[in-house]
J.: 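Sharing a structure, written as structure tokens. Questions coming.
So that the names make sense, note that chain A is the first sequence line, chain B the second, and so on, each numbered from 1. As the structure is a computational prediction, the values presented were derived from the model and not from experiment.
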Protein chains: 4
Amino acid sequence: MTPAEAQSTSERILDAAEALFAERGFAGTSVRDIAGRVGLNQASIYNHFSSKQALYEAVLDRGLRPLAEILGAAAHDAFSRQASDRAGELIAEQLWRTPNLPKLLQREVLDNGEYLERLIRNWLRPIYEKGLVAIESGSRPDLWDEHERVLLLFAFYHLVFGHFTSAALIRSLGGLDLSSADVHGTYIAFLRKVSHRLLGIDAPPEQKKERAR
Amino acid sequence: MTPAEAQSTSERILDAAEALFAERGFAGTSVRDIAGRVGLNQASIYNHFSSKQALYEAVLDRGLRPLAEILGAAAHDAFSRQASDRAGELIAEQLWRTPNLPKLLQREVLDNGEYLERLIRNWLRPIYEKGLVAIESGSRPDLWDEHERVLLLFAFYHLVFGHFTSAALIRSLGGLDLSSADVHGTYIAFLRKVSHRLLGIDAPPEQKKERAR
Amino acid sequence: MTPAEAQSTSERILDAAEALFAERGFAGTSVRDIAGRVGLNQASIYNHFSSKQALYEAVLDRGLRPLAEILGAAAHDAFSRQASDRAGELIAEQLWRTPNLPKLLQREVLDNGEYLERLIRNWLRPIYEKGLVAIESGSRPDLWDEHERVLLLFAFYHLVFGHFTSAALIRSLGGLDLSSADVHGTYIAFLRKVSHRLLGIDAPPEQKKERAR
Amino acid sequence: MTPAEAQSTSERILDAAEALFAERGFAGTSVRDIAGRVGLNQASIYNHFSSKQALYEAVLDRGLRPLAEILGAAAHDAFSRQASDRAGELIAEQLWRTPNLPKLLQREVLDNGEYLERLIRNWLRPIYEKGLVAIESGSRPDLWDEHERVLLLFAFYHLVFGHFTSAALIRSLGGLDLSSADVHGTYIAFLRKVSHRLLGIDAPPEQKKERAR
DNA sequence: GATGAATGAGGATTCATTCAT
DNA sequence: AATGAATGAATCCTCATTCAT
């Protein structure tokens with residue numbers, strides 16, 4: 001993979017658009033800005049994408065694909081505790097590698113855009129169902145009632161997506177650079193610990209993990 | 001106080017602007033839209049606010065004031081477990097009553113706008129410092145090391161702000177209407193339970209709460 | 001004459017408007033600017049003048065009055081060489097004391113505004129006719145033919161009005177501060193010398209004047 | 001070269017802008033007016049010039065170029081009386097052919113705009129210095145002292161620029177149409193006569209000219 | 001006489017998009 | 001596939017003016 005010139009123009013446009021949409025949102029990004037960042041004329045964008053909206057959706061589609069695959073695989077066999085842990089970690093890894101993605105998603109949720117509905121229908125809904133089952137079967141039985149399990153699932157979502165979404169805040173306030181591998185490692189461990197405590201499987205697995213390392 | 005007509009024009013503008021900025025973001029909201037929603041000519045907005053940016057900041061200032069007061073009070077005496085619990089609940093209550101606020105804040109964090117810096121300097125920084133101390137003194141001593149306590153503080157932030165920020169997603173996926181008092185009650189209880197588990201003070205308070213109901 | 005407060009509001013408005021119209025022209029001056037300079041609300045201007053245009057004309061009327069009187073008097077008895085000299089000096093004196101005036105007039109000429117026509121009809125035309133006669137009777141008979149006398153009259157106009165109108169250029173390029181009394185004195189003497197040369201009455205009067213001083 | 005259609009759009013915009021800026025000034029001219037006169041959409045202007053200000057400066061730059069060349073050449077060898085005469089004539093010729101130019105310049109002087117400073121630095125200053133030398137070496141030695149020579153140089157400037165700038169006044173009052181070649185010829189002759197009288201080299205050249213006609 | 005508020009029209013400029021080249 | 005030029009609609013904001021207080 002040679003860096004920039006080797007990419008197709010379409011992909012270079014997608015890269016620029018992804019960065020700008022994540023940084024400034026759909027409304028805050030102009031086609032001119034995107035073209036400018038690629039070193040292209042405004043009009044050229046339309047040789048590759050039929051409209052700004054279409055480009056935006058292509059950005060989301062491309063960005064979500066790897067995440068969707070992970071989620072799909074997780075939904076497939078997320079019934080053991082290890083599988084659950086692994087799924088969470090894989091998601092966090094993926095978001096860490098593609099830091100624009102959580103921002104794009106969070107913006108889409110805030111905007112309550114049309115794309116969100118499609119997103120939910122195609123990808124989020126199945127994950128959600130599997131996630132509920134996973135929590136039900138993976139948590140200490142007496143700990144959470146049915147309503148709370150729904151909230152717990154969303155809590156996990158906020159824990160992971162909020163983390164990557166608030167990078168600016170976390171750097172400013174906490175002095176942590178989320179893009180550093182070190183900080184990321186700490187976060188991954190923290191995440192596992194938190195999820196075990198919330199699922200009520202705290203003590204033993206923790207110790208095992210500590211030893212395993 | 002009759003609902004709409006009794007308010008000053010400036011406040012009606014602030015109301016409309018708050019709703020629109022929360023819903024569509026700064027870039028996605030036009031001054032014309034705001035004026036239209038108040039039933040005013042575009043130009044009239046400028047009799048009350050010197051620019052769109054100034055209006056935006058006035059919206060945030062006004063919206064943040066009650067929250068800032070709660071946070072300020074919390075920072076003042078958040079050293080007992082009860083005080084901590086209470087602070088979290090008050091914040092959640094406040095965000096529930098002003099559902100635009102968390103969205104505005106989250107957008108500001110995503111946009112990494114200039115206002116964010118001021119916000120951090122004036123309000124968030126002191127809260128953050130107090131929060132760290134509160135976690136240190138209020139959690140089971142062996143549970144979280146120094147680095148993790150920072151992450152834990154942000155986790156609480158994500159748990160609360162993410163919740164209100166993702167209302168659209170939670171309704172679509174979880175079928176929960178966050179504006180309902182019932183759902184809100186469940187969430188408040190859930191939040192306390194989660195925070196106790198994360199702070200390692202699970203068993204006894206939980207049982208008390210269970211009985212109390 | 002107490003400085004500012006003793007003036008009527010109308011006159012303070014006229015002062016501010018005169019300065020701004022001279023500096024930026026009619027189109028470049030806003031009612032808000034004028035009101036601001038007087039320390040008044042925009043709307044208050046309309047308690048004193050019915051429109052921006054009316055205010056502009058009031059400025060010109062007020063500013064032109066003293067000049068018109070001088071010109072009127074000059075037109076009355078400008079048939080001796082001394083009277084001619086004196087008229088030119090009086091005009092130059094007046095323009096020097098009211099430096100906004102030549103600028104306003106020059107702008108009006110450039111804009112070719114409606115006011116100009118009225119101006120010509122009421123004041124400039126009679127002066128022009130008298131001026132032609134004065135030149136005819138005051139210049140060396142063989143020097144200028146009929147056509148040239150017209151051009152000569154305008155040349156005098158340019159010599160005087162252009163001088164005060166180009167203050168900015170003269171300061172920048174020539175390093176002369178036209179508002180200084182010294183520079184003004186030099187100019188007055190220069191003007192007389194020039195006019196004598198152009199009227200063909202150079203040698204003897206010059207010598208006489210030199211002695212007279 | 002067919003008159004209008006053969007020109008590039010940019011030049012047609014420059015033409016329209018030049019006419020309007022000269023006629024109404026910068027503040028009094030709207031981009032819409034300019035576009036309208038070219039038969040273009042407002043927005044199209046911005047495909048050719050980055051802002052109204054940039055267009056204005058392009059107008060001045062283009063308009064001043066021929067004049068600057070004449071002035072530059074004049075400054076090069078304006079030391080004989082003939083060269084001096086010729087320079088003045090060339091300038092007057094040029095202003096006559098581009099009647100918008102003197103108006104634009106006079107407006108710029110009145111507005112005391114930023115462009116004026118650049119203009120002075122680049123073009124006017126060198127001409128001014130050469131002009132002073134030309135007057136010193138070309139005038140009767142005992143006639144003007146150092147201070148007066150400065151005023152005399154500006155007087156020439158007023159005589160020429162004021163003439164073309166006041167076309168409206170001259171037509172109204174004097175009944176002369178400055179755009180007529182006849183009137184222009186008279187003016188050129190008049191100008192030479194005036195400059196000879198002011199430089200104190202009256203008698204002989206005058207007689208020659210009188211005969212020549 | 002002063003003013004805060006309202007407004008329709010217009011200010012410069014940017015927008016996404018189209019089209020001929 | 002790229003682009004210069006064109007455009008209608010929209011952007012934020014200012015304009016002169018009005019009116020009730």
Side-chain angles (χ1 to χ4, degrees), chain A residues 8-10 12-13 26-36 38-56, chain B residues 8-10 12-13 26-36 38-56, chain C residues 8-10 12-13 26-36 38-56, chain D residues 8-10 12-13 26-36 38-56:
Chain A
S8 76
T9 304
S10 288
R12 284 168 53 223
I13 294 174
F26 182 80
T29 301
S30 78
V31 173
R32 190 186 316 213
D33 290 342
I34 297 169
V38 188
L40 231 49
N41 186 287
Q42 289 185 69
S44 300
I45 300 290
Y46 291 85
N47 285 326
H48 300 268
F49 301 92
S50 64
S51 71
K52 187 189 175 189
Q53 182 69 32
L55 170 54
Y56 174 70
Chain B
S8 76
T9 304
S10 288
R12 283 166 54 220
I13 293 173
F26 182 81
T29 301
S30 79
V31 173
R32 192 186 318 227
D33 290 342
I34 297 169
V38 187
L40 229 47
N41 185 290
Q42 250 193 103
S44 299
I45 300 291
Y46 292 87
N47 285 326
H48 299 268
F49 301 93
S50 63
S51 69
K52 187 189 176 188
Q53 181 69 30
L55 170 54
Y56 173 71
Chain C
S8 77
T9 303
S10 287
R12 284 167 52 224
I13 294 174
F26 183 80
T29 300
S30 78
V31 173
R32 190 187 317 218
D33 290 341
I34 298 168
V38 187
L40 231 48
N41 186 286
Q42 288 184 72
S44 300
I45 300 291
Y46 291 84
N47 286 325
H48 299 269
F49 301 92
S50 64
S51 71
K52 186 190 175 187
Q53 181 69 32
L55 169 55
Y56 173 71
Chain D
S8 77
T9 304
S10 287
R12 283 167 54 223
I13 294 174
F26 183 81
T29 301
S30 79
V31 173
R32 194 183 318 225
D33 290 343
I34 297 168
V38 188
L40 230 45
N41 185 289
Q42 248 193 102
S44 299
I45 300 291
Y46 292 86
N47 285 325
H48 299 269
F49 301 92
S50 63
S51 68
K52 187 190 176 187
Q53 181 69 31
L55 170 55
Y56 174 70

J.: Give the first and the last nucleotide of DNA chain F, reading 5' to 3', that has any atom under 4.0 Å from a heavy atom of chain A.
T.: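 Extent of the interface on DNA chain F: dA2(F) to dG4(F).
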J.: Between Ile34(C) and Leu55(C), what is the shortest heavy-atom contact and its length?
T.: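 Distance-wise, the nearest heavy atoms are CD1-CD2, 3.9 Å.
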J.: Would you mind telling me which residue lines up with the more 5' stretch of DNA chain E, Leu40(C) or Phe26(A), judged by nearest nucleotide?
T.: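 Result of the comparison: Leu40(C).
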J.: Run Thr9(A) and Arg12(A) through side-chain contact (heavy atoms from CB on, under 4.5 Å) and show every step you take.
T.: CA-CA 5 Å; Thr9(A) 304; Arg12(A) 284 168 53 223; 4.2 Å; yes
J.: Should Ser44(C) be listed as having a side-chain N or O under 4.0 Å from OP1 or OP2 of dG1(E)?
T.: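 No, no such contact exists.
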J.: Please give me the minimum heavy-atom distance between Lys52(D) and Thr29(D), naming the atom from each residue.
T.: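 Closest pair (atom of Lys52(D), atom of Thr29(D), distance): NZ-O, 2.8 Å.
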J.: Just jot down the ring-ring contact (aromatic ring centres under 6.0 Å, His included) partners of Tyr56(B), sequence neighbours excluded, or say none.
T.: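 Phe21(B), Phe26(B).
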J.: Nearest whole angstrom, please: distance from the C1' of dG11(E) to the CD1 of Ile45(D).
T.: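 These atoms are roughly 15 Å apart.
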J.: Checking Tyr46(C) now: which residues fulfil ring-ring contact (aromatic ring centres under 6.0 Å, His included) with it, not counting sequence neighbours?
T.: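 By the ring-ring contact (aromatic ring centres under 6.0 Å, His included) rule, Tyr46(C) matches no residue at all.
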J.: How would DNA chain F look in dot-bracket form, 5' to 3', counting Watson-Crick and G-U wobble pairs with both distances under 3.5 Å and writing | for bases paired to another strand?
T.: .||||||||||||||||||||
J.: Atom pairs under 3.5 Å, N or O on each side, protein against nucleotides 13-15 of chain E: can you list them with distances?
T.:
| unit_1 | atom_1 | unit_2 | atom_2 | d |
| --- | --- | --- | --- | --- |
| dT13(E) | OP2 | Tyr46(D) | OH | 2.6 |
| dT13(E) | OP2 | Lys52(D) | N | 2.8 |
| dT13(E) | O5' | Tyr46(D) | OH | 3.4 |

J.: Extract all donor-acceptor atom pairs below 3.5 Å that involve side chains of residues 38-45 of chain C and protein atoms in other chains or at least two apart in sequence.
T.:
| unit_1 | atom_1 | unit_2 | atom_2 | d |
| --- | --- | --- | --- | --- |
| Asn41(C) | OD1 | Ala43(C) | N | 2.8 |

J.: If each of Ser10(C) and His48(B) is mapped to the nucleotide of DNA chain E with the nearest heavy atom, which maps nearer the 5' terminus, i.e. the 5' end?
T.: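 Residue closer to the 5' terminus by nearest nucleotide: Ser10(C).
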